Amino acid sequence: MTYVRVRYPSTEPLLACSCLILRAPLCDGGITMEKSFDPKAIESRWYPQWEASGHFGPTGAGEPYCILLPPPNVTGTLHMGHAFQQTVMDLLIRYQRMSGRDTLWQGGTDHAGIATQKIVENQLAAQGKTKHDLGRAAFVERVWEWKQESGSTISNQMRRLGASIDWSRERFTMDEGLSAAVRKVFIEWYRAGLIYRGKRLVHWDPVLGTAVSDLEVENVDKDGSLWSIRYPSVGGGDGVVVATTRPETLLGDVAVAVHPEDERYAHLIGTLLELPLTGRQIPVIADDYVDKDFGTGAVKITPAHDFNDFAMGQRHGLEPRSIFTLGAIVNENAPAAYQGLDRFEARKRVLADLEAAGLLIETKPHKLSIPISQRTDAVIEPMLTDQWFVDLTRDELPDGRPGGKRAITDPALAAVTEGHVRFVPENWKATYVQWLTNIQDWCISRQLWWGHRIPAWFDEAGNIFVGESDADARAHAQGEIVGALRQDEDVLDTWFSSALWPFSTMGWPEGSEQNSQAEWARDQRFLPSAVLVTGFDIIFFWVARMVMATTYFAGRQADGSFDRKFAKLADRVPFRDVYINAIVRDAEGQKMSKSKGNTLDPLDLIDGITLEELVHKSTSSLLIPQVREKVEKRIRKEYPAGIQAVGADALRFTFAALATHGRTINFDLKRCEGYKNFCNKLWNAARFVLQNMGVTAEPVEAPGAAALDAALERMDAHIQAIQERAALAGLNRFDAPPAAVAPSLPERWIVSALGIATAEYHAQVAAYRFDLAAQALYDFVWNEYCDWFLELAKPALANGNATERLAMQRTLLEVLEAVLRLLHPIIPFITEEIWQQVAPQLGLGGKSIGERPMPQASEFAIDPAATADIEWLKAVLSGVRRIRSEQNIAPGKPLPLLFTGGGMADIERQQRHAAAITFIARIDPERMRWLEKDDAAPAAAASMVGELKVLIPLAGLIDLKAEQQRLAKEITRLEGEIKKCEGKLSNANFVANAPPEVVLQERQRIADFSTTIAGMREQAGRLSEG
RNA sequence: GGGCGUAUAGCUCAGCGGUAGAGCACUUCGUUGACAUCGAAGGGGUCACAGGUUCGAUCCCUGUUACGCCCACCA
C-alpha cells in the first residue's frame, strides 16, 4: 500500500482548527482498520499503558468516589463471581472517573486464614509431612513463601479483565499497617469490655482442630435414625425412655429432662436414673424447653456436646461432661471400653451394647440436619473450649457498668434502619436487620497458625494481659503479673481483619508505627466509600461486620470522642450503598462448583481453550470416576470445539447485560458470543467511518506531486469551510445553525437519538441497572447508528457536495467518539483502541479515552422534528424492503417506486429524502414519481406510511395472489384492533373516567387504523381489477 | 417455624395500570460498496391459577399451586 502525507482537517472545539499530518493510504481516501476485531491483539497493549500512566489513582480533584474491592483470597484464582463483581466495580469506577470524580478503587487481598493454611498443609502432606514437623515459626514462614509465590496470580487475572484498580495502593490483610489496625481494635474493644474470653460451647471442626463461628457451619439435611433408649430408675423401676439422634453422647449425659407439666413423668422428677453403660447415676429434671409431643417426651442432656443442652445445663447448675478429645475421639471421661473410639465408631458400639443390655427400645428413621464445617465438610462437634468472643448481645458490660448496651450491634443496626447505608436491591435490608437483631456473640479465636496472633498474654497463673506487645501488656496490667508472660497461641478469625478494611486501608490508625499521620489525614476523604459491591453470601460475614467496626471506630479520637467529620453516625458508615450482586450460575441454573465440574474460568472465556484442555481442567480434581466420566461427557457435548476466545470486553459486556436485580444469573456462553459480535459490529462501524474520512471520495491514482498538491488544495478549501461554518454555528455544532451550514436531517436525528440514549444510560447507571444501561447503548449502536445512520450517511458521503460530506464526516466521528466514551466503562479495551484512531480525526488531545469526560445528555439536542422525518423515511424504506422480501425481488435489483395519497408533509419529505430513498432502497431515480390525480394506478404491491401509499408496480415482478392474501390478512388484523378500541370507547365509564389523553389516544388509533385499512382496501380492489 | 424471592415467546430474561419486548434459537431470502462475528423479512405468548380493587390488571391487593434461597431448629 502506498502512503502519502495528507493534511486532515480537525477542529476541537469547533472554533479552533488545527491541521494534523497523518499517514493515510490513498487508495480509498481514508484510514484503514483490520477487517474484524481481534481482542487478543489489542487487550495486551492497553492495560500496561493505563497502569503505567498512573491514571487509575485518585486525582485529588472533584468529589471523592471510592469503591472497596472485596479482597479475594491471596492465593486464590479468579472465578466467575469475581469477574462479574469486578466488572460491575470497574464499570462504576471508570464511569465516575470520566465524570470528574476523585476516584479510588482500593484493591488488595485477604490472608484467608483457614483456606490458605489448608493449602500449605496439603502441600506438606504431599511430602508426607505435617505442620508439626516444621513447627509454628517455620510453618508460618512457609505460608508467607506461598503467598509471595501465588499472590500475584489473581491480581494479574484482574488486570486481564481490565480492572482499573490503583495497584500502587494494594493492601494485604496481614500487612504491617493492617495488622496494627487489628491489634488496636482488639485492644480497644477488650479494654471497653466488648471482647471477652471464656469457656463456652463452640462449633468445633475436628479435622482442622479449630473453633469456627456459627456462620461457618452449614446444616445439611440427612436421613438418620431416632433411637429410643431406656434409662432405668435407680433401685429398679422402668425409669425413662429417651429419644436421641446421637446415642454416643449418652456417655456424656448429666441428666434427663422432661416437661414440668408432663403427667407421665411428674412422679420421676427429682429422682435418679441409671445412665446405661457408664455406671453413673443422673437426675430427672423438669424444663419448659422439652416438647412433650416429640419422641418420648424425655430428653437426655449432654451439655458438653449440644447447644440446647448446654443452655439447659446452665439453668440447672449441671456440670458439663466432655467426652471427646479435640479430634473427636472418646476421651477418659467415658468408660474405658469406649475410650479411643472415634465418634461414629463409638455410636455403633454404644448401640450394640444397649441392644445387648435390652435397653434399646426402638430405632426409627428420622430426618435430621447435620452441622457441617464449610471448610472441611467435617461434622461439627460442639466442644467446650476457651475462646475469645466479641460481645454483641449483652445489655451491660461484664462488670455491670451501664452504657454497654449492644455498643457494637446497635449502631450497626441503626446505620441501616436509619438509611445511612442503603441496600440495592432494597430487600436485603430485611435480611441484614433480622440477622443483627438475633445475633449471637462472635467467636473470633481460631486454633490456627496463619493469621493475626491475638495480642493477649498469660502469666503463669493464667491471668490475661492485653496489649500491643508483652511490654505494652505489662504496662497496662491491672493486677500483679505472676512470672513470665506467654502470648496466646490463637489467631483471629480472618473476618476480624476484613471488618476493618474500610479504614485500615486508609491509613488508620493514624500515627502508629506503621501509618504516618498524613496518610489518614489524606485518605479519610474516601470514608465512607460510595458503594460496596458484593454477594449476599457475605452480608453477615463481612458487610455487617464492616458496619459494626466502622460505626464504632471511624474518626474515634484518643479520648473516645469523634472528630468533626465523623461525629455523626451518618458519616461513620463504611459505605453509602451496598449493591448486592447476583450469584453466577451455569447456563442451566446450576451452582458452579468444582465438584460438579461445571465451573467456567473467566480467563478461558477471554483467551479461549481447546476441548481437550477444558476436559482435563474440569475433571482433574474429580476423584470419583463416575462423576469424572459424566462431566467429561457433558463437556464434550456442550463445547465440542472448546471455547472460542471472546476477549475481556465481550465478557464484561455480558456481565453488565446480565446484571439485573435478580439474585441469580445464568451464564450462557451464547450470550457472550453475541456480545462479541457486538464488539465486532462497533469495530466495523468505526472502520467504515474512518474509511470515509478522506478529503475526496475518488481514489487518487498516483501519489505524484501534482495529485498531492491538488489534494492539499482541496483540503484548504474544506478547512476554510469548517471555519466559516463554525463561526456561524457558534460553539455547539448541534444548535440549529444558519441554513447554509445546517446539519442534515439524519445528522440532527442521530444526535437527538444519542441524547436520548445517553440520558437513559446515565439514569440506569445511577439506578445500578447495568443491564438496562448496557442495553441502551447496545440498541443505539446497533439499531440506530449502524442500521440506520451509517446507511443514511452513505448517500451524503458518496454524492454530497464538499460541505455536506464534511459535515457528515464530523457527525459520524462525533457521535462515534461520544458513544465510545459512553461505552468505555463497560468495554474499555476496544473503545480505547478505536478511540485512538478516531481522536486525531477530531483533533482531540489526551493519551487515553479514559481521560475524556463522560458525555452528558444535555450536549445533544433533542430534535423531534428531525426524528419524525427520519421515522417517516425509515417507514418508507422498510416498506420497500418488505415488498422486496415478500415478493422475492433481489435486493440489488433497481425498482420503480410510486407515491400516492398522503399530504403536503409527505410530498415535502419525499422531496427532501429523494436521494436517500433511491440510494438506500435501490430505486431507479428515473422511475420514482408521484401519481398524478388522474393517473391510472398500475397493479402494484403497496405499503402504507400513514396516509401515504408507497407502491412498487407489478411489471411482472409481483405475485398477485400473495399480495392480495397479505392485504386481506393485515386488514383483518387491523379491524380486530379497531374493534378493541371501539369496545373501550363504547363503555361510558371508560370515556367518563379514563384520562382524556387516553381516550384521545384510542380515538386516534381508530382513525389511523381506518386510514390504513382504507388504503389497503383500495389497493386490494385495484389488484383484483388488474 | 421465621424471612426473602421467582413464575412473561422453544431457551435465558427485561418490562409496564391503557398497542406484550430483547438476545439466542427457528423459517425464508441474500456474499449489495463497515461487518456472514453480517443484512433483510417473518413465525411464535390465556404474561402460573382463582378471586378482588379499577372505566381498564400481565402489572396493584388477597389467596392457591409450583419452584428456589437464607436463618433458626424438637432431642
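Because the structure is a prediction, the values reported are computed rather than measured. Reminder, nothing fancy here: chain letters follow the sequence lines and each chain counts from 1.
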Separation between the [atom1] atoms of [N] and [M], rounded to whole Å:
N: B:C13; M: B:U6; atom1: P; answer: 13 Å
N: B:A72; M: B:G2; atom1: P; answer: 16 Å
N: B:U53; M: B:A40; atom1: C1'; answer: 47 Å
N: B:U46; M: B:A20; atom1: C1'; answer: 13 Å
N: B:U64; M: B:C29; atom1: C1'; answer: 49 Å
N: B:C55; M: B:C26; atom1: P; answer: 48 Å
N: B:C38; M: B:C47; atom1: C1'; answer: 33 Å
N: B:C60; M: B:G44; atom1: C1'; answer: 30 Å

Touch check for [X], heavy atoms < 4.0 angstrom, all strands: base, sugar-phosphate only, or nothing?
X: A:A992; answer: nothing
X: A:E997; answer: nothing
X: A:R1005; answer: base
X: A:C981; answer: nothing
X: A:I665; answer: nothing
X: A:N427; answer: sugar-phosphate

>> Tell me if the aromatic rings of A:F307 and A:H203 count as close, with their centers under 6.0 Å from one another.
In response: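 Yes; A:H203 has its ring centre under 6.0 Å from that of A:F307.
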
[X] side chain to [Y] side chain, donor-acceptor N/O pair below 3.5 angstrom:
X: A:T660; Y: A:D771; answer: no
X: A:D287; Y: A:H259; answer: no
X: A:Q1004; Y: A:D1008; answer: yes
X: A:K300; Y: A:T249; answer: yes

Phosphate-side-chain proximity, [X] and [N], N/O vs OP1/OP2 below 4.0 Å:
X: A:K794; N: B:A34; value: yes
X: A:K681; N: B:G39; value: yes
X: A:T431; N: B:C70; value: no
X: A:K984; N: B:U19; value: yes
X: A:W782; N: B:G39; value: yes
X: A:N666; N: B:C13; value: yes
X: A:H366; N: B:A75; value: yes

Looking only at the side chain of [X] (C-beta and beyond, no hydrogens), which of the listed nucleotides [options] gets closest?
X: A:S369; options: B:C73, B:A41, B:G43; value: B:C73
X: A:Q1001; options: B:G30, B:A75, B:U19; value: B:U19
X: A:R881; options: B:A40, B:C71, B:C55; value: B:A40
X: A:N219; options: B:A14, B:G39, B:A72; value: B:A72
X: A:S885; options: B:A40, B:G43, B:A75; value: B:A40
X: A:K35; options: B:G43, B:A14, B:C35; value: B:C35
X: A:N888; options: B:C69, B:C29, B:C55; value: B:C29
X: A:R663; options: B:A75, B:G5, B:A41; value: B:G5
X: A:Q434; options: B:C73, B:G3, B:C69; value: B:G3
X: A:A430; options: B:A72, B:A22, B:C4; value: B:C4

Rounded off to whole Å, could you give me the [atom1]-to-[atom2] distance for the [X] and [N] pair?
X: A:E970; N: B:U19; atom1: CD; atom2: P; answer: 18 Å
X: A:D649; N: B:U37; atom1: CG; atom2: P; answer: 19 Å
X: A:E982; N: B:C55; atom1: CD; atom2: P; answer: 23 Å
X: A:R966; N: B:G42; atom1: CZ; atom2: P; answer: 9 Å
X: A:I361; N: B:A75; atom1: CD1; atom2: P; answer: 20 Å
X: A:N438; N: B:C70; atom1: CG; atom2: C1'; answer: 13 Å
X: A:W683; N: B:C35; atom1: CH2; atom2: C1'; answer: 12 Å
X: A:D221; N: B:A72; atom1: CG; atom2: C1'; answer: 13 Å

> Should the heavy atoms of other residues, nucleotides or ligands under 6.0 Å from CD of A:E426 be counted, would the total exceed 12?
Replying inline: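 Incorrect, the count does not exceed 12.
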
>> Within the supplied structure, the quantity of interest is the number of heavy atoms (other residues, nucleotides, ligands) at a distance under 6.0 Å from A:E34 CD; does it exceed 12?
In response: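 Open.
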
> Considering heavy-atom distances to RNA chain B, does A:L215 or A:K367 have its closest nucleotide positioned more toward the 5' end?
Replying inline: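 The 5'-side residue here is A:L215.
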
>> Need to verify one output field. Residue with the more 5' nearest nucleotide on RNA chain B, A:S878 or A:F919?
In response: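 Nearest-nucleotide comparison on RNA chain B picks A:F919.
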
> Under a 4.0 Å heavy-atom cut-off, which of residues 669-680 of chain A touch RNA chain B?
Replying inline: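 Nucleic-acid contacts, sorted: A:K670, A:K676, A:N677, A:N680.
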
> Quick one: does A:Y265's side chain get under 4.5 Å of A:V284's, heavy atoms only?
Replying inline: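 A:Y265 vs A:V284: side chains apart.
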
Under-4.0 Å salt bridge between [X] and [Y]:
X: A:K874; Y: A:E871; result: yes
X: A:D221; Y: A:K367; result: no
X: A:D262; Y: A:R264; result: yes
X: A:K979; Y: A:E982; result: no

Paired with [N] by Watson-Crick or G-U wobble geometry, both distances under 3.5 Å: which nucleotide is it?
N: B:U6; value: B:A66
N: B:G17; value: none
N: B:A22; value: B:U12
N: B:U53; value: none
N: B:U58; value: none

